[in-house]
Amino acid sequence: MADTHDEKTPDNPAVGMMSGLSKPKRPQEFYDQIKEKFAEERDLRLGYRPEGTAQYTSDLTGAFARYEIDPFAEKIPPREPINDTVEVLFIGGGFSALLTSARLRERGVESIRIVERGGDVGGTWYWNRYPGVACDVVAYDYLPLLDETGYVPTRHYARGNEIFSYCQLIAERYNLYDLAVFQTTVTSTVWNEEEQMWHLETDRGDHMKARFVICANGTLSKPKLSKIKGMETFKGHSFHTSRWDYDYTGADLSKLKDKVVGIIGTGATAVQAIPELGQNAKELYVFQRTPSSIDIRDDWETDPEWAKRLKPGWQSKRREKAKMVGVMTPEQQARYAAIPREEKIRRQENANIDAMMRIHKRIEETVKDKETAESLKPWYMLMCKRPCFHNEYLPTFNLPNVHLVDTHGKGITEITEKGPVFEGKQYELDVLIYATGFEVQKTGIYNRIVGEGGRDLNEKYAEGIRTMLGIHTEGYPNLFIMGGYQASFQFNLTDMLQAQGDHIAVCIDYARRNGYHALDVTPESEEWWVQEVVAHRGKTSRNQDCTPGYYNFEGEFQRRQDGNYNGGFNAYCRHLVEVGENMEKHFAFSKKD
Ligand code: NDP
């Protein structure tokens with residue numbers, strides 16, 4: 001799961017709300033009724049789509065292949081296949097690779113290669129260039145390595161293009177372009193036991209070798225489409241938000257001024273794109289299945305005077321401070337411990353409902369048409385879906401050219417050559433934009449990973465995911481996984497990735513300094529972590545109670561071990577440090593003959 005509602009950061013509206021210490025503001029009957037409504041809305045959706053995640057396809061081949069084509073890269077220039085050896089190879093060139101590379105460079109690792117599907121570094125920020133794209137996490141926290149690069153973000157919330165440029169800046173600063181290869185997909189990663197090296201093959205005919213391989217391929221990078229009857233028959237133009245077609249829309253969307261535009265989906269991506277589309281399209285139809293929660297976005301330009309006053313190391317201090325938010329004082333802990341479990345859950349839920357009612361009120365105050373306002377109200381616990389922050393999204397529905405088509409949880413189930421159909425009504429469109437999200441990835445997207453004894457990682461995971469810290473998996477020496485299952489999760493993802501990247505650099509450095517060639521987590525340490533993950537999952541029924549979405553695998557059953565570590569980010573970081581300080585306890589090392 002790529003995002004979770006278990007963590008609390010300053011940007012996370014759940015701060016304090018979930019502590020269970022606050023007292024309810026309304027009579028209990030009120031909360032009970034709202035909970036009933038939440039359950040009804042969830043059941044409605046589960047009833048429409050019992051197939052769970054199978055309602056989507058990310059097999060973008062054949063008629064759907066065009067939805068995955070990179071519109072940003074130049075035509076692939078021919079190159080000779082690469083047949084060489086590097087010390088560290090990253091599969092993927094997003095933040096995971098960039099911030100880990102920085103740590104490796106600091107430790108003197110010179111031979112680092114990034115292999116990336118896109119035409120540049122940046123990952124999410126390379127692909128997602130839809131109008132309005134920005135990050136919902138405060139830029140001073142989100143952009144990594146600000147202490148090291150000396151860069152100060154231009155806004156409180158950075159826009160996508162600034163983040164993408166910053167990724168390029170990091171790659172330049174740490175000389176990561178030298179060995180990088182773009183427009184190249186790793187298709188297999190096989191451990192050669194004799195050579196004690198990873199052998200990687202790509203879709204460009206390369207055969208690369210690497211001592212250390214880091215799976216840095218992100219968690220939400222493969223676009224997915226809702227499987228809708230007749231979608232391939234649509235005669236108008238269509239694309240996915242992560243492959244925005246600016247040739248069609250114009251860089252400033254001015255080419256949409258005589259176009260009827262439709263957008264399917266109202267998740268975090270759509271919430272950012274819809275205000276821009278509303279301003280520029282002749283007509284805009286928003287096909288909504290479940291509304292997002294839209295909170296205030298407190299944005300501003302960085303004050304240059306503030307930036308000048310920043311002292312070296314300011315970001316690290318800020319991050320450390322952020323980790324302490326929501327941490328209870330000993331007195332609070334004692335008070336908390338004294339509350340019976342049922343009561344704690346009840347208070348948390350009530351506080352959550354209060355927060356959601358505040359979101360509802362904002363809708364009522366902003367959206368003029370009563371029916372539209374009602375349709376835009378989310379009926380689920382806050383954080384069941386990714387919370388959104390926007391000041392123009394709700395007012396967009398007051399524009400005369402913007403039409404909300406509320407499908408009441410059913411979604412669009414039919415598309416003809418003219419466009420979507422809902423309740424017998426045909427919506428004739430010039431262009432249809434799919435804001436239907438991304439496949440939640442298990443390790444090794446596009447890529448077959450084969451470890452010791454010829455064992456495919458998918459085969460190992462089929463019996464339940466087994467890792468230590470979500471990073472190491474036994475039988476796959478010198479392989480590191482970033483942002484995967486059994487790791488912790490943070491609303492500020494780069495915080496988590498930095499913690500993992502720092503740890504990976506510690507491991508590689510330890511092996512190099514001690515003359516070891518390879519390290520593999522011991523079966524005991526792997527088992528310890530699997531049990532840690534299991535112990536911290538499923539303490540409440542919150543996931544099952546939530547409306548379906550990618551956060552809860554569309555309501556599908558999950559093994560307790562097949563998800564995130566829910567013991568909290570601070571505890572996760574402590575475990576990373578403990579493992580780093582006790583390498584001989586947790587790993588088996590081997591020297592090369
Ligand atoms: P999501 O998976 O969050 O949203 C997909 C949307 O498509 C949902 O609203 C879903 O409805 C809807 N949908 C699917 N099928 C249909 C259908 N047949 N008819 C109508 N609607 C349909 O994808 P996003 O791209 O919006 O976001 C993915 C993630 O990317 C976010 O959760 C977040 O983690 C990240 N992101 C972060 C941003 C940031 O600011 N940091 C900005 C943008 C994205 P339903 O809800 O009913 O399933």
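Order of listing sets the numbers, starting from 1, for every ligand and every atom in it. Since the model is a prediction, treat every value here as computed from it, not as a measurement.
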Geometric N/O contact V137 with ligand 1, under 3.5 angstrom: no

Please confirm whether S242 approaches ligand 1 to less than 4.0 Å, judged on its heavy atoms. no

N or O contact, Y130 vs ligand 1, cut-off under 3.5 Å: no

Hey, is Y551 one of the residues with a heavy atom under 4.0 angstrom from ligand 1? no

Heavy atom of G549, distance to ligand 1 below 4.0 Å: no

I264: numbered ligand 1 atoms lying under 4.0 Å from its heavy atoms: 16 (C), 17 (C), 19 (N), 20 (C), 21 (N), 22 (C)

Are any of the N/O atoms in Q288 less than 3.5 Å from those in ligand 1? no

Is it the case that ligand 1 has an N or O less than 3.5 angstrom from some N or O of R289? yes

Side chains of Q348 and N352: do they bring a donor and an acceptor to under 3.5 Å? no

I'd like to know if T407 contacts ligand 1, where contact means a heavy-atom distance under 4.0 Å to any ligand atom. no

What class does the angle between the rings of W306 and Y140 fall in, given that below 30° is parallel, 30 to 60° is tilted and above 60° is perpendicular? tilted

S226: numbered ligand 1 atoms lying under 4.0 Å from its heavy atoms: 15 (N), 16 (C), 17 (C), 18 (N)

Indicate every side-chain donor-acceptor pair of residues 269-278 with a distance under 3.5 Å to a residue at least two apart or in another chain.
| unit_1 | atom_1 | unit_2 | atom_2 | d |
| --- | --- | --- | --- | --- |
| Q272 | OE1 | Y130 | OH | 2.6 |
| Q272 | OE1 | A134 | N | 3.3 |
| Q272 | NE2 | A134 | O | 3.0 |

What I want to check is whether the side chains of Y285 and E428 have a donor and an acceptor closer together than 3.5 Å. no

Flag for R289-T436: side-chain donor and acceptor within less than 3.5 Å: no

Less than 3.5 Å between some nitrogen or oxygen of A134 and one of ligand 1, yes or no? yes

Verdict with supporting geometry, K377 and E374, salt bridge (charged side-chain N to carboxylate O under 4.0 Å, His left out): CA-CA 6 Å; K377 288 182 182 171; E374 283 309 307; 2.8 Å; yes

For Q55, state whether at least one heavy atom is located under 4.0 Å from any atom of ligand 1. no

With only distance considered, is T241 within less than 3.5 Å of ligand 1 through an N or O on each side? no

For residues 160-168, dump all side-chain donor-acceptor pairs below 3.5 Å to protein atoms at least two apart in sequence or in another chain.
| unit_1 | atom_1 | unit_2 | atom_2 | d |
| --- | --- | --- | --- | --- |
| E162 | OE1 | T154 | OG1 | 2.6 |
| E162 | OE2 | Y151 | OH | 2.5 |
| E162 | OE2 | T154 | N | 2.8 |
| E162 | OE2 | T154 | OG1 | 3.4 |
| S165 | OG | N161 | O | 2.9 |
| Y166 | OH | P144 | O | 2.6 |
| Y166 | OH | L145 | O | 3.2 |
| Y166 | OH | T149 | OG1 | 2.9 |
| Q168 | NE2 | D120 | OD2 | 2.7 |

Heavy-atom contacts with T290 under 4.0 Å: which atoms of ligand 1 show up? List them by number with element. 45 (P), 46 (O), 47 (O)

Test your reading of the structure: does Y550 have an N or O sitting under 3.5 Å from an N or O of ligand 1? yes

Side chain or backbone, does K385 bring an N or O within less than 3.5 Å of an N or O on ligand 1? yes

For Q272, the ligand 1 atoms whose distance to one of its heavy atoms is below 4.0 Å: 40 (O), 42 (C)

With nothing but distance in play, are any N or O atoms of I412 less than 3.5 Å from an N or O of ligand 1? yes

Under-4.0 Å salt bridge between K282 and D430: no

Between N398 (side chain) and T366 (backbone), is there a donor-acceptor pair under 3.5 Å? yes

